[in-house]
Trainee: 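Before we start, here is the structure in question, set down as structure tokens.
Atom set for the values below is all heavy atoms of this structure, side chains included, hydrogens, waters and symmetry mates excluded. Protein chains get the first letters and strands the later ones, always in sequence-line order, with residue 1 at the start of each. Predicted model only: the values in this text are computed from it and were never measured.
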Amino acid sequence: MANGNGNGNGNGTIAIKNGYVFDPLNEIDGEMMDVFIKNGKVVRELTDSEMKDAKVIDAKGMTVMPGGVDSHSHIAGAKVNGGRMMRPEDSYKWNRKKTPLTHSGSGYTVPSVYMEGYEYSQMGYTTVFEAAVPPLEARHTHEEMRSIPMIDTGGYLVLGNNWFIMRYLRDGEMDRAAAYVAWMMKAHKTYGIKCVNPAGVENWGWGQNVGSLDEANIHFEITPREVIEGLCEINERLGLPMAMHLHCNNLGQPGCFEITRDSLKIPSQIKPNQNLDVEWAETKVDPKRLESVYLTHAQFNSFGGTSWGDFESGTKEVIDYVNKTDFVVMDSGCVPFGEATVMTGDGPAIHNLYALTGNKWSNTDVELECGSGIIPFTYLKSNPIHSVQWAMGLELLLLVKDTWKSIMTTDHPNGGTFLKYPLVMAWLMSRAARNATFDECHAWARDRSDLDAVDRELSLYDIAILTRANTARTIGLSHRKGSLGVGADGDVTIYNIDPKSLNPRDYENLAKSFEQAEYTVKDGEIVSRRGEIVAIPEKRTYYVDVNVKEAGTKDMLADVKEWFKYYTLGFAHYPTPDNYLMNPTPIKVNAEEAG
Amino acid sequence: MAEVTLTPKGEIGIMVEAEVIIPDTFAGKSASEIGDLVVWQGPKELPLSDFFDVKGDGGKTPEETSIVINGDVSRVKRIGNEMTAGKITINGSAGMHVGSEMSGGEITVIGDANSWAGMEMKGGLLHITGNAKDHAGCAYRGSWHGMTGGRLVIDGDADSQVGGGMSGGEIEVLGSVQNFCGIRQNGGLIVIRGDAVRGVGAEMNGGTIVVGGSITNFLAGFEQVGSESDLALDGVTCPGEFLKFSGDNAIIAWTKGTLYASKNANEGL
């Protein structure tokens with residue numbers, strides 16, 4: 001079912017010939033070679049008789065990469081829909097007509113579900129993960145995700161302020177905590193642990209926050225340090241595909257780089273232990289993740305200075321630490337200027353933005369689990385803070401020396417829409433593009449960041465790491481995504497970029513080429529061609545299925561049922577059934593036996 | 001100036017979206033080409049000639065093109081939408097979004113206008129001789145980036161949210177308005193000759209509002225800073241004595257909005 005059977009070439013069998021291939025997981029750096037896909041999976045070659053049925057693409061003079069993988073984007077669920085509802089103006093000018101094949105859609109920073117799929121696919125993306133799923137909103141999230149066409153999806157479960165987790169960690173009940181996480185992942189059909197403003201969002205229910213790693217929160221008396229450490233431990237004990245996904249405390253406040261740097265040090269003694277029971281596609285590089293923490297939208301967590309008056313980039317210390325250690329991977333959360341909708345599980349951070357802007361906003365308390373907030377935001381080149389933020393996002397990606405420690409995102413739609421990825425790629429690849437923007441934006445970008453001193457221009461190989469190879473490896477999908485190794489999913493992007501005549505000074509054309517992939521191939525089907533959707537393939541939804549023999553499972557379930565009297569719904573309605581998912585695809589995980 | 005006359009053929013059921021009715025589109029086209037222009041009615045795209053008899057050819061340029069609509073077009077939306085030059089005269093009432101986002105030229109409605117007249121106008125003149133409904137000269141729903149230029153004149157009354165989010169240009173209402181006139185205004189001038197009900201200048205932080213009549217529920221976020229008489233603002237004169245207020249300070253304290261309210265009509269202030 002999940003393999004190619006759309007309306008394109010039909011059989012998921014395709015030969016992509018003569019392209020310059022960039023496949024970092026197989027250390028292929030622009031080699032001219034052919035890529036063969038049979039029934040939706042990459043194969044070494046096609047036989048003569050198979051070639052007869054295969055679609056052949058001549059990719060001569062073009063760039064061939066694995067399909068794009070976005071590891072952090074807000075595309076589905078209550079927050080995203082809240083953004084859509086509170087922003088009719090976002091849909092007013094940005095919309096598309098229906099065609100015989102595609103649905104209509106609208107929304108620039110918060111597109112409707114169909115638009116999200118089409119727009120990602122046109123840019124060459126084939127896999128996108130929703131960054132924050134509150135457990136109680138899992139059904140809603142899946143209802144939306146199943147309707148997003150063109151891309152495989154999955155979502156991370158928000159657990160950093162969960163009452164059960166905070167209680168168990170405080171009481172040292174690690175067996176029950178691990179059993180709870182394993183059960184929750186399966187119950188809500190989610191994929192990894194997300195931790196937002198640990199211990200702080202709970203305080204926001206009382207109009208407060210936490211300010212330091214060792215400040216205990218109200219009622220639960222647990223500190224951010226304990227939550228981060230506990231969740232990282234559980235993550236590795238269960239052997240989850242992705243490292244614990246961390247949104248640090250004090251986000252968006254001047255000087256927050258300190259708490260971010262210190263948070264990253266917390267799991268330094270925890271050994272990564274990804275323990276997947278899956279079939280691995282061939283790769284030259286070790287496809288298993290090396291990190292025990294995945295920091296998200298580092299830009300928003302690397303503010304320097306002590307106030308908005310002496311605000312400056314604080315990325316240096318975060319970058320230095322990431323360069324020094326092997327246990328951290330981060331995504332950038334770039335700010336490409338323009339319209340955005342800020343949405344996060346970090347309620348107090350949204351209130352801070354409201355106090356700054358007076359814009360319309362909303363906040364939600366998700367019962368015993370977490371919270372969230374939404375506020376529309378416009379990043380202006382004329383604004384000094386926004387200009388520094390633009391520089392910071394790029395600093396993070398250019399000054400972290402090993403590209404395998406970084407991932408390119410805009411934290412869509414927080415820093416800007418994913419439609420701006422091509423622009424970010426152009427800035428990363430072209431000093432001239434950065435100079436042009438420096439000249440247009442506020443002088444603080446030059447004066448209060450190190451970006452202007454950076455001459456580095458990323459290669460297409462680097463871009464393939466930042467947007468495919470490392471995203472897939474970081475989230476534990478490199479067994480099937482992010483590479484063109486034999487056995488990988490047949491997801492391919494072909495950009496009309498000739499690496500032999502690539503000119504970084506011609507950054508406008510470069511960005512245009514990234515905007516519209518010449519071909520996007522999903523599971524061996526051509527699904528979009530020069531910005532036009534030509535086939536709607538079946539998509540999959542990934543979640544982790546932990547094979548757990550945890551001692552704590554029985555006690556944990558008794559606890560959960562007991563505490564369910566405080567929930568506004570019955571226990572039986574809490575889990576998300578399989579039929580809420582499009583092609584539910586469990587990633588099997590073998591947990592360690594509890595000692 | 002070349003004149004194109006549109007005469008409605010009869011009752012219109014589902015409202016028609018006719019943003020093609022602008023001099024910019026009609027210029028350089030013959031009457032029959034104009035009749036072939038496509039408009040939306042619900043899910044269908046239909047030729048303009050299904051709804052109008054078209055007489056006369058467009059001029060060479062938008063500037064040289066005048067469109068005259070003879071009859072009621074209150075079920076035709078978006079006439080004059082995004083026009084940049086030329087003239088439109090509607091001898092009858094206009095549907096929603098007349099003159100929305102226009103940046104130049106002149107529209108005269110000899111009749112009433114439905115909601116969103118002159119929404120997010122950038123320039124030109126929109127004159128409505130009758131009444132206007134809600135959101136005249138306002139930002140689109142959800143946005144606070146409203147009118148930036150041009151002039152909107154309503155001889156009769158207007159309903160709620162006149163000039164919402166306005167940052168430039170002028171609105172003059174000879175009659176009265178309902179609620180939230182000048183909400184989130186941050187520039188430009190709104191003159192109401194008659195009365196206003198409530199929420200005048202709510203959350204405004206720039207620009208000027210003059211209310212020549214009474215304000216039923218005056219907002220608490222405004223502070224009196226003086227009184228003036230016989231105002232002359234950007235060439236618009238307002239005779240009589242006015243109390244001058246600054247605001248709206250309800251949310252932020254550094255606002256620069258100015259609200260004048262007639263002294264005689266607002267004795268309690």
Trainee: Side chain, backbone, both or neither: which part of Lys97(A) has a heavy atom under 4.5 Å from chain B?
Mentor: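 Side chain only.
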Trainee: So do His72(A) and Asp411(A) actually touch side chain to side chain, heavy atoms under 4.5 Å?
Mentor: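 A side-chain contact under 4.5 Å exists here.
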Trainee: Quick check: closest heavy atoms across His74(A) and Glu116(A), and the distance to 0.1 Å?
Mentor: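 In terms of heavy atoms, the two residues are closest at O-OE2, 4.4 Å.
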Trainee: Hey, is CZ on Arg96(A) packed in by over 12 heavy atoms from elsewhere, all under 6.0 Å?
Mentor: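 For Arg96(A), atom CZ is crowded (more than 12 foreign heavy atoms under 6.0 Å).
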Trainee: Chain B: which of Lys360(A), Met86(A), Arg87(A), Glu89(A) shares the most heavy-atom pairs with it under 4.5 Å?
Mentor: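 Of Lys360(A), Met86(A), Arg87(A), Glu89(A), Glu89(A) has the most heavy-atom pairs under 4.5 Å with chain B.
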Trainee: Below 4.5 Å from any heavy atom of chain A, which atoms of Glu120(B) appear? Answer side chain, backbone, both or neither.
Mentor: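 When you check distances to chain A, no heavy atom of Glu120(B) falls under 4.5 Å.
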Trainee: Would you say Ser372(A) and Met343(A) make side-chain contact, with heavy atoms under 4.5 Å?
Mentor: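 No; the side chains remain at least 4.5 Å from each other.
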